[in-house]
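Single-structure report; data block below.
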Amino acid sequence: MSILFALQFANAQTGVSISGTNANPDGSAMLDVQSTDKGILIPRMTEAQRNAITSPATGLMIYQTDGTAGFYYYNGTAWTAMAGSSGGATHYVGELYGGGIVFYVYDNGQHGLIASLDDLSTGIQWGVLGTDISNCESGYDGAANTAAIVTQLGAGNTYAAGLCDIYTGGSQTDWYLPASWELNLLYDEAFMISKNW
């Protein structure tokens, strides 16, 4: 049994063309893949396999098959979801994403707020009894409130904001205790969230 590869390599010094028609590569391309009935298959791997790549090159691209699946590229510092992939630009209320569930979106679904699906504690205290904490009274910015509380009480898991601050659900590290406005947004979408989940 013989196998015939219909690949044409041309002008290897200026570029490579992969095609079934002996076409030359475009002058601006180092690699020019041409087809009218096939695509390019990017390496597919799990998030753990992706994160195990040693010293990824800036611009390296993979397709992640688990977690928040989609195309990712290494930006020189971190793996980043490409816009349009399931890890990318458009989100909706009730979507499972980033280790939680989306309950608020803005900028046409490009940004939003996520609630954890984990109950971190049923008996955690809110703070330290008798301790007045300043700069944490924002009604809409829970992240700032949490940062102020942690700054004054120190990192730890013995109070609510500290517990949220050290939480790493969905491999994310930006969790925080919601402000009243954010909690109200979650309450307002309770029906939609329970319907989609």
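Judged purely by distance below 3.5 Å, without hydrogens or angles, the side chains of Tyr176 and Glu182 pair a donor atom with an acceptor atom. A donor-acceptor pair shorter than 3.5 Å can be found between the side chains of Asp37 and Ser35. Using modelled atom types and a 3.5 Å distance limit, the side chains of Gln49 and Asn51 yield no donor-acceptor pair. Residues Thr46 and Asp66 bring no donor and acceptor atom of their side chains to less than 3.5 Å of each other.
Between His111 and Tyr106, the ring planes are parallel. Angles under 30° get that label, and only those over 60° would be called perpendicular.
Between Tyr74 and Trp79, the distance separating the two ring centers is shorter than 6.0 angstrom. In this structure, Tyr167 has its ring center under 6.0 Å from that of Trp175.
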Evaluate the criterion side chain to side chain contact (heavy atoms under 4.5 Å, CB included) for residue pair Val102 and Leu113; output intermediate values, then yes/no.
-> CA-CA 6 Å; Val102 176; Leu113 297 172; over 6 Å; no

Could you go step by step and tell me if Asp165 and Thr146 meet the side chain to side chain donor-acceptor pair (under 3.5 Å) rule?
-> CA-CA 7 Å; Asp165 186 58; Thr146 298; over 6 Å; no

How far apart are the C-alpha atoms of Leu96 and Leu117, what are their side-chain angles, what is the distance that settles it, and do they pass the side chain to side chain contact (heavy atoms under 4.5 Å, CB included) test?
-> CA-CA 9 Å; Leu96 294 177; Leu117 297 174; 3.8 Å; yes

Checking side chain to side chain contact (heavy atoms under 4.5 Å, CB included) for the pair Thr80/Tyr72: CA distance, chi angles, key distance, verdict?
-> CA-CA 5 Å; Thr80 305; Tyr72 286 78; 5.8 Å; no

Is there a side chain to side chain contact (heavy atoms under 4.5 Å, CB included) between Leu177 and Tyr159 once you walk through the steps?
-> CA-CA 11 Å; Leu177 191 65; Tyr159 62 96; over 6 Å; no

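Between Asn75 and Ala78 the shortest heavy-atom distance is OD1-N, 2.7 Å. Ala179 approaches Asn145 most closely through the heavy-atom pair CB-ND2, 4.0 Å. Between Ser116 and Asp118, the closest heavy-atom pair is OG-N, 2.9 Å. Smallest separation of non-hydrogen atoms from Ile149 and Ala161: CG2-CB, 3.8 Å. Here the closest non-hydrogen pair linking Leu183 and Pro178 is CD1-CG, 4.0 Å. Pro43 and Met61 make their closest contact through CD-O, 4.3 Å (heavy atoms, listed as atom of the first residue, atom of the second, distance).
For the pair Ile42 and Phe71, the minimum side-chain heavy-atom distance is below 4.5 Å. Between Ile124 and Asn157, every side-chain heavy-atom pair lies at or beyond the 4.5 Å cut-off. Counting heavy atoms from C-beta on, the side chains of Ile53 and Met45 come closer than 4.5 Å. Taking the side chain as every heavy atom from C-beta outward, Leu163 and Ser121 approach each other to under 4.5 Å. Side-chain contact between Ile101 and Ile114 is absent, with no heavy atoms from C-beta onward closer than 4.5 Å. Tyr104 is not listed as a side-chain neighbour of Glu189, based on a closest heavy-atom distance of 4.5 Å or more.
Residues Trp181 and Leu186 share a single hydrophobic cluster, defined by chaining ILVMFWY side chains whose heavy atoms lie under 4.5 Å apart. No continuous path of ILVMFWY side-chain contacts below 4.5 Å connects Leu153 to Ile166, so the two sit in separate hydrophobic clusters. Taking hydrophobic clusters as Ile, Leu, Val, Met, Phe, Trp and Tyr residues chained together by side-chain heavy-atom distances below 4.5 Å, Tyr63 shares a cluster with Ile40. The cluster map of Ile, Leu, Val, Met, Phe, Trp and Tyr, joined by side-chain heavy atoms under 4.5 Å apart, puts Leu41 and Ile18 in different clusters.
A side-chain donor-acceptor contact under 3.5 Å links Gln152 to the backbone of Ser134.
Asp32 CG to Asn24 CG: the interatomic distance, rounded to the nearest 0.5 Å, is 9.5 Å. How far CG of Leu185 is from OG of Ser180: 10.0 Å, rounded to the nearest 0.5 Å.
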